Each structure stands twice: as structure tokens, then as C-alpha cells.
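Notes to accompany the following structure.
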Amino acid sequence: MSSERYNPRATEPKWQKIWEDRGTFRTRDDLTAPKYYVLEMFPYPSGRIHMGHVRNYAMGDVVARYKRAKGFNVLHPMGWDAFGMPAENAARQNKTDPAAWTYANIDTMRSQLKSMGLSIDWSREIATCKPDYYKHQQRMFLDFLDAGLVDRKKSKVNWDPIDQTVLANEQVIDGRGWRSGALVEQKELTQWFLKIASYSAELLAGLDELDRWPDKVRTMQKNWIGRSEGCLVRFVLGTSDDSKHQTIDIFTTRPDTLFGARFLAIAPDHPLARSAAEDRKDISEFIDECRRGGTTAEAIETAEKKGIDTGLWAVHPFDDQWKIPIFVVNFVLMEYGTGAIFGCPAHDQRDLDFANAVGLGNTPVICPADETAESFKVDKIAYDGDGVLINSRFLDGLSSSAAKQEVIKRLGSVVIDGQPQAISKVNYRLRDWGISRQRYWGCPIPVIHCSDCGTVAVPKEDLPVVLPTDVSFDRLGNPLDHHPSWKFTKCPKCQGDAVRETDTMDTFVDSSWYFARFTDANNTSAPMSREIADHWLPVDQYIGGIEHAILHLLYARFFTRALKKIGLVGISEPFRGLFTQGMVVHETYKSSTGEWLQPTEVEFSNGPAGRIAVSLADASPVSIGAIEKMSKSKRNTIDPEDIMNSLGADTARLFMLSDSPPERDVIWSEEGVHGSFRYVQQVWRLIGDIASLAPDTFSDIPTAFSKEAMDIRRGVHSHLARVEENIERLRFNTSIAEIRKLTNFLGVTLSEIDTVPSNDVVFAFREAAEIVVRMFAPMMPHLAEECWSVLGFKTPVSEATWPTVDASLTAKDEIILPVQVNGKKRGEICVAADADESHIRAEALQLEAVQKTLDGRTPTKIIIVPKRIVNVVL
RNA sequence: GCCCCUAUGGCGGAACUGGUAGACGCGUCCGACUCAAAAUCGGAUUCUGCAAGGAGUGCUGGUUCGAUUCCGGCUAGGGGCACCA
């Protein structure tokens, strides 16, 4: 009997070293073996790993180890999303060098991840801030430029006038800069864009193929791309002078409601609004007011619909005597469509709210099915459904869809300024991707500005454009811009004096191709070889947080198509399977003085009214607050390193995978973690006991098995089948439940056997141990290695194959059938698996409980669902 | 405001494509071991009832021999968002 406790502190580093020395997790350079690429979203090197990382990487590691055991050549790499603002913020605050800060963090986090025992091929480690990574990215940018995938245009940014810097949306809090508190201004800058919008239709259509993505993410992306079918309609502006002919284009999805028009509405940024503001102070003031307004949907939804009459008017397309007033309003956006709409109050709630506010009235033109033209009136609720046209002259009586076509047909034949007055158009909400960032710690955009030649690409042989290391954060603004020498260079075309582009790339660019780089991470001449990338891609299973559902995943999907266009890869969709895991949450604690306390600063006991918490420092009462996402501000974090150092990585991994379904949040609790630790010890004892009973693998399988031995073998193989199935479905919680059931069963059975068991029983236990260790190896790899070694194996279980289910042992010859009367369970019968219906019927009716419930009555029918259930219906 | 998701014991959750509701774990209670405690092991644990039984998967109605599962209506909680013409 093994009585020693399992000691993860000694065991875990030992096996990590053995794996490393043996190169156990090296991906083989073999393009013929079946491949499996499992990838977790790579981390930002913020300083230390947190529990969210532990959960994410534990899940990925189960998949990687399982697939490896199943015989796949597994690619499971790790890298660092290493550019970004925190390094610059740290530089400004603590006078540290962003590169040094980043690399120190990477070193810490790498060793923390290694102590988790992840089965990662570390030889492929990348960091996006290294020139040997971003040089390829710069080359891609230039290739995109050549391929027409890049644009340079003006765009609005949040500008902090005190810090002299551009702010990200999340850095603008209540209209003010997060650091300076200054009122943020909207400023127009010329910026670089990748033309993702031109891939809108393709990115939308591609979602249909992604059947191994969560529907939720697909829906979010679909809404983000925002396809809408409608038409452009050109209105002629009315003026007192007929010689000045001006037009305005609007986009509408409801051309059928054209006779319900009461006004045109234009965005505050619309050119017409700007020109109208030139000699009308009230208009320019209104426009300024709109710019200060909130930009989030929620803020805008609740905001009052406002507008100002420009005094201008447009002519109705079907009636040149019909003058339609034009308003500048706060609810039309320049970025969408043409920045102008026609307002039909009866059939659009926003238009109705606005019309009611300014007294424009409404004309219903679509009659719902349950109304008549005479009775149908609109007051406060617009009708936005389909129906039959009314009050619409020649359209009256048509359906909404027929009227849409009729309007487009009629106006399509009218030519104004050489173009039809209406054309069908599919509009997308998705806008081009602005990648310019006025920051230091990012990938330099490899472009040179020359006063004579304009914008000139850096010659490809001059790449990479490397970030200078001697930068100063003493001054405000972009350090690249005020570096004494870095930006000054010669024009590659005319050799005259020129300056470098000082904008760097959005870090979403870095993460848009890293998965491809991993396939050939050490290639110095190219981002990756096409042959190797095409072998490994797409990623078979991608795992990460739901917070990246839209931007990162959409950018990566676009970028992959762009890489395909320039010939670097042959695929369009980078991620075949996607899984989004839930967060790690924890209780929060507040002291009597209202300060947040760390879990380690609190002690618990059970009082009459439940759990009570007191402060460890002074025994003062502590209130137990809501369970929330672990965060530094609420101080409810648990440091993974503390857990790994005390209870071990396997315990932490097991706990992260048990209990909660992986897509949901998991509550970190001390009791739960100790339960996992107890289980680690329990398994250790069980395997030790079996090893004492059966120290060696049998060379000969016994020819006959007793019922006792068969029960063990059947139990093992049927649980194995279910564990396998649950891992395939990424249902880690239920696969662990199955493993626990099996070890519970083995433990009980082992305690009940004779002191000198027969040979077949010993065989069954030996077989069980060899299978069960391989079953939990993906979740608790160190424990599995130690157990495997106790069982006498000389090579790591991490290199062993997954056990095979013996189908003859999972098939049952006798089954238990529940028996219901009127759908309510009354008992069960045990019959042969192939028993015929008449036998089952007789057995069921003989049950005492059934007889009692029947109480002499005759059943009207008896439903027998084979191998499932018997239902006696009265 | 719109879209999406979720709701099961004291708690986290399980239940394959409509077929035994509550697996597995946490907690609690009882017991064993111990001088004692910790650790460990065994048992109990949806509610109600002495019991037989009855009720029960947010509420409500329906389909079905049978509903946690499917459909309609509602309530609560969570997430996402773009006043998108």
C-alpha cells in the first residue's frame, strides 16, 4: 500500500524538466501525418498570469494532449501580443523602457505558464514586438498597398488637447481624457486604413461555413457587418434660382413609403449641413452640440430626437410641386449610408418621434392587414411592418415589396446629372479598418513622406523599419515624432530630404496573422512557407474570450483573405473551430470601513445565519459581497502562482475544468479548490493500491473472466467511451465527472475484493489503472506521469497513446428498463437486451407497483421504446 | 430602444436527437478511526409526510402515452449593440 501523500511541489517541476529534455511536445516537421492545430488566444504580457489565463490554457492543453494521444501531430504554440499601450503608460509613469518592461513581463509569464505544465512547443515562441516578427508585417503592409487593399484618408479621432495624444474610445470617460481630464475634441487626421469594408459581403457569407463557431459569435459578427438592402434616391434641392441645380442622395430601405415623406434629415457632418451652418449661427451651434453628445448606442437611444430647420427644401421625386423641408438632426450618422434620409414619420419610430416633436405630422402609407385605409391612423407608435399601400397615388393597393420595386423602376428611368434617380443598393455598416496609431510601442508603418514625391513606400529591401530604442517619454505626444533623428530620412525615389511615417499599426494587426506565423515560426526569410501554412491552417480549435467575438476575429478573418490575395496562404477562414470560455469570478469582500479586502485577508466561520467573514488583521466584521469577475480594483483576485506553489498546477487545472461548463463563468472558491486537491490525493492512493496489487502489465490476457472481473472491465470501458465523447465536445466538466465516477467505482470495488484475488480480477484492475491514468493525463498531467511511473512504465504517459474502447465490453446483454404508469415511474424491470415486446410487456405488468397503480383496471395501451422505457397507459 | 442568451436542490451543475429529473462535485448532518484534533474513510442530504403516498426543473397555457427538453404568452437575470434610414 502506498501511504505517502502526493507532493506536487516536488513532482511537477521534475516532469516539466523531463518533458522539456525529451522534447515531448515538439511538433514534428512532418506534413504527411494527420495534423491538429489547437491554439489559445495569445496573452498580452501585462506582468503576471491571472486565473483567466489558467482556465484558457488548461482547456487548450486538454485538447492538445488528448489529440496528441489520439495520434495527431499536434501544433500547440505560445507567443506574446507584445505591443500596446500599457508598456507606454508604464514608461511614462515609472521611467522604464517599454521594451525592457515588456521582455521582463514575458520572462515572468513564460515561467509561470511553464509551471502550469502546458504541452506547448516553446521552440515556436513569438513576440510581436520583435523586429523578426514585425518585419514580415511591414512587408505584408507594402504588399497590401500594391494589391489595393490599403487606403489613406481623413478620419475623426478623439484628441486630448492637454496630453497631445489620440485616445482610444475606452480612454474617453464622460467626454474627458482618462488621464488629463481634458474635454476631448473630435479632430480630423489623415490615417491609414485597410479596406475591410470591401470584403463585407464575403465576410458575411463566410459565417455560414463556420459551423463550429458559437452561434452567438456568428450573430454578433453578422450584426456588426450589418447588411441592409435598399436603394439610393436622388432628391433635387429647391432654390429660388432655377439655374443652380443641386441634388442630395439619400439611402433608404423603405422606398415604398416615399409618399409618406414629411422631411429630409441630414447628419450634422453632412456637407449640406456644413454649408448651411456658414451663415446660420443657430445651425453651427446645433452641430457643435451634436458633436459633444455621447456616442454609445445607449446614450443615443435615450437622447431626445432633435433637429433644426435649415430653411432648405427638396422636391418630391414624384411631384415637383411638393416641397420637403430639410432638417439637420442628431439621429442621422454621416458614417452610414449617405448621411441623409427621408423621414417617413408614420412608418419609422425615430422619424415619428422627431415629427411629433417639431409638429410635422404624418401620413400613413402602409396599411397593416387588420386595418383599413380609412381607419388606420398613426399617433405615437410607428408601424414598421409590411402591408398594402394607401395614400400613395399610383402605388395604392400594391404590397410593400411590389411598391419598393415599382418606385425603383420608375425613378430608375429618370436621369438626373447623368445618373438614374434611384438605384438598388446593398449597404453595409462595416467601415474600413483604421490602423494608424499615433504611438511609439507598435509596428512602424513602412512609409516615407516626401514633399516632392508624396507618400512613398519604404523599399522592401530596406525592411524592417525598426523602432528606435533611445526614446524619451518626457514630452507629450508621440515619441517617434519628436525623436531627434529617427524620422528624418531620404526619399527612396528622389533622394531628397523626407520624413518617415511616425504612426504605428493598431495591435489588432499583430494578432491578425500570428496563428499563421506559428506554423513556421522560425522562418527568417518569409512570414511562413506557403506549403507549411497551408498544411497547418486553418486552426482546428481556437479558444479564447468572448470579448474578442467581433473585432479580433473579424480582423483575422479579413486579414487571412488579404494574405490569400497576396498569395501567402491558400485559405480564407483562419479558425475552423472556435470556443469562447467563460470568466473566472470570485466573491468580493468589504471591510466595515468600506475598503475592498483580498480573499487572503479574510477568515470565515459558520454562524447561525450562514457564512460569516471577519478580517484576519483585526477580527472586525467583513461583508461578503457579490460574485464578480476577478479584478484588481475589487481586490478579489487569486494569484495562480500561489495556488500552484501550494496545491500544485494539477489541482488548479482540475478545478478550472470541473464543475462549471467551460463556456460559463466559474466561481473560484477555496472549498472547491480543496476538493480538487483531495481528489488528486485520492487518485494517487488508488493507483498506488492497484500498483501494489498488480505491479506489472500482463503479457497474457486471461482466457476467462469471472463476473467480478467483467464488471470492472465493463465499467472502465463504458466510462472511457463517455470521457472520450465529452472531451471531443469540449465538455470538460462532464468528462471529469465521468472520471470521478470511474475512480469512485474502482475504489469501492478494490476495498471489497478478497485478500487474495483471482488472476482475472488482478488483470481487470491492472487494465483499469493503465486506462484511467491515460484518461486523466490531459487534465492532471503531472499526477498522471507519477502514477504511470508507479505502474512501472519507463516512458512518459504524455507520449503514450489514448486507450481504445473495447466495444464488446460496452455492449450490454442485460438492461434495466424503467416502467411508467401514465408517464410516472413506478418501478423497473431487468430484461435481456434483445427481449421481445411480449416478454417486456408481461414483466412490466407483473410489477407489484404497477399492479397496485392499475388497481384492477385494464391498460388502454402499453408503449415500449426499445432499450429506453415502458409506459403503461390507462 | 433593438438583438441574443440563461433560469433545475442550501450551492456549482448533470440529463444523448421528447423517455428513470437532480449524475459528479461543494456545503451540511450523522458515524468510524483518534486521548484529541487534522487528514482519511463510510452513510444521509429536492420539498412534504411517521408511512404509504403526494408535489417538483422561473410563471402560465398548449402539443404528446410521456416535456428540464418542442410551441405560444409572461417574469426575472445576464450579455451584445448601430437612432443604420
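Any value given below was found using the heavy atoms of this structure, including those in side chains, with hydrogens, waters and symmetry copies removed. Please read all numbers here as calculations on a predicted model, not as lab measurements.
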### Summary
Of the listed B/U20, B/G27, B/C81, the closest approach to the A/Ile869 side chain comes from B/U20
### Query
Hey, is the side chain of A/Arg740 poking within less than 4.0 Å of OP1 or OP2 on B/A14, counting only N and O atoms?
no
### Query
Is B/G9 syn or is it anti, if syn means the base angle is within 90 degrees of 0?
syn
### Message
Quick check on B/G13: is either OP1 or OP2 less than 4.0 Å from any side-chain nitrogen or oxygen of A/Arg664?
### Response
yes
### Task
Fit a plane to each ring of A/Trp433 and A/Tyr555, take the angle between them on a 0 to 90° scale, and name the class: parallel (under 30°), tilted (30 to 60°) or perpendicular (over 60°).
parallel
### Query
Would A/Ser200 and A/Arg227 count as having a side-chain donor-acceptor pair, cut-off 3.5 Å?
no
### Query
Base, sugar-phosphate, or nothing for A/Thr252, non-hydrogen atoms under 4.0 angstrom?
sugar-phosphate
### Query
Would you say the side chains of A/Thr743 and A/Tyr679 form a donor-acceptor pair under 3.5 Å?
yes
### Message
Using atom C1' in both nucleotides, what's the gap between B/C70 and B/A85 to the nearest angstrom?
### Response
37 Å
#### Entry: Spacing of the P atoms in B/C24 and B/A44 (rounded, Å)
11 Å
### Query
Distance between the C1' atoms of B/U46 and B/U28, in whole angstroms?
15 Å
### Task
Scan side-chain atoms only and decide if A/Asn726 and A/Thr734 contain a donor-acceptor pair under the 3.5 Å cut-off.
yes
### Query
A/Asp215 near the nucleic acid: base, sugar-phosphate alone, or nothing, with a heavy-atom cut-off under 4.0 Å?
nothing
### Query
Taking atom C1' in both B/U60 and B/A7, what distance in whole Å separates the two?
15 Å
### Query
So what does A/Gln820 hit on the nucleic acid, given a heavy-atom distance under 4.0 Å: a base, only sugar-phosphate, or nothing?
base
### Message
Please check: side-chain N/O of A/Arg826 versus main-chain N/O of A/Val821, any donor-acceptor pairing under 3.5 Å?
### Response
no
### Task
Go through B/A85, B/C4, B/C83 for me and flag the one nearest to the A/Phe331 side chain.
B/C83
### Query
In whole angstrom, what separates A/Leu686's CG from B/U40's C1'?
15 Å
#### Entry: Donor-acceptor pair, side chain of A/Thr860 and main chain of A/Val873, under 3.5 angstrom
yes
### Task
Take the protein atom NE2 of A/His270 and the nucleotide atom P of B/A85, then report the distance between them rounded to whole Å.
17 Å
### Query
So, is A/Arg678 near the phosphate of B/C26, with a side-chain N or O under 4.0 Å from OP1 or OP2?
yes
### Message
Once you apply a heavy-atom cut-off of 4.0 Å, does A/Glu828 come out as touching a base, just sugar-phosphate, or nothing?
### Response
base
### Query
If you look at every strand shown and take non-hydrogen atoms under 4.0 Å, does A/Val329 touch a base, only sugar-phosphate, or nothing?
nothing
### Task
Could you check how far CD1 of A/Ile550 sits from C1' of B/G79, rounded to whole Å?
11 Å
## Note on the structure
Closest heavy-atom pair, A/Asn362 versus A/Val378, reported as atoms and distance to 0.1 Å, is ND2-O, 3.2 Å
### Query
How many Å lie between OH on A/Tyr679 and C1' on B/C41, as a whole number?
16 Å
### Query
With a 3.5 Å cut-off and just heavy-atom distances, do the side chain of A/Arg685 and the base of B/C41 make a donor-acceptor pair?
no
#### Entry: A/Met334 CE to B/C83 P, straight-line distance once rounded to whole Å
16 Å
### Query
A/Arg826 near the nucleic acid: base, sugar-phosphate alone, or nothing, with a heavy-atom cut-off under 4.0 Å?
sugar-phosphate
#### Entry: P atoms of B/U75 and B/C26, separation to the nearest Å
40 Å
### Task
For B/G73 and B/G25, measure between their P atoms and round to the nearest Å.
41 Å
### Message
Quick check: on RNA chain B, is the nucleotide nearest A/Ala737 upstream (toward 5') of the one nearest A/Asn427, or the reverse? Name the residue that is more 5'.
### Response
A/Ala737
### Query
Does a side-chain N-to-carboxylate-O contact under 4.0 Å join A/Arg350 and A/Asp353?
no
### Query
When the distance from CD1 of A/Ile624 to P of B/G27 is rounded to whole Å, what number comes out?
15 Å
### Message
Taking B/U45 as the reference, what is the distance to B/A23 when you measure between their C1' atoms (whole Å, please)?
### Response
15 Å
### Query
In terms of side-chain heavy atoms of A/Pro818, which of B/U20, B/C65, B/A85 is nearest?
B/U20
### Message
Quick check: on RNA chain B, is the nucleotide nearest A/Arg729 upstream (toward 5') of the one nearest A/Gly337, or the reverse? Name the residue that is more 5'.
### Response
A/Arg729
### Query
Do A/Asn330 and B/C83 have a side chain to base donor-acceptor pair shorter than 3.5 Å?
yes
### From B/G12, B/G80, B/C81, nucleotide with atom closest to A/Trp224 side chain
B/C81
### Message
Counting only side-chain heavy atoms from C-beta out, which of B/A85, B/A55, B/G19 sits nearest to A/Lys824?
### Response
B/A55
### Summary
Its dot-bracket string being built from Watson-Crick and G-U pairs below 3.5 Å, with | for another strand and [ ] for crossing, RNA chain B has the pattern (((((((..(((......[....)))((((((.......))))))(((....)))..(((((..]....))))))))))))....
### Message
Please classify the nucleic acid contact of A/Lys825 as base, sugar-phosphate, or nothing, using heavy-atom distances under 4.0 Å.
### Response
base
### Nearest-Å distance for atom pair CD1/P, residues A/Ile546 and B/C81
10 Å
#### Entry: N/O donor-acceptor pair under 3.5 Å between A/Arg55 side chain and A/Gly582 backbone
yes
### Query
Side chain of A/Gln349, backbone of A/Lys380: donor and acceptor closer than 3.5 Å?
yes
### Query
What nucleotide, of B/A15, B/A85, B/C83, holds the atom closest to the side chain of A/Thr734?
B/A15
### Query
Residues two or more places apart in sequence or in another chain: which of them pass ring-ring contact (aromatic ring centres under 6.0 Å, His included) with A/Phe318?
A/Phe259, A/Phe394
### Query
Out of B/A85, B/U20, B/A23, which has the shortest distance to the side chain of A/Lys741?
B/A23
### Query
Hey, does A/Asn733 reach any base, or is it just sugar-phosphate, or nothing, if we go heavy atoms under 4.0 Å?
sugar-phosphate
### Query
Using atom C1' of each nucleotide, how far apart are B/G22 and B/G13 to the nearest Å?
9 Å
#### Entry: A/Arg731 vs B/C16: side-chain N/O to OP1/OP2 distance below 4.0 Å
no
### Query
With a non-hydrogen cut-off below 4.0 angstrom, is A/Asp659 in contact with a base, only sugar-phosphate, or nothing?
base
### Message
Rounded to whole Å, how long is the line connecting atom CG of A/Asn223 with atom P of B/C4?
### Response
9 Å
### Message
Can you identify which nucleotide, out of B/C3, B/A85, B/G19, has its nearest atom closest to the A/Val865 side chain?
### Response
B/G19
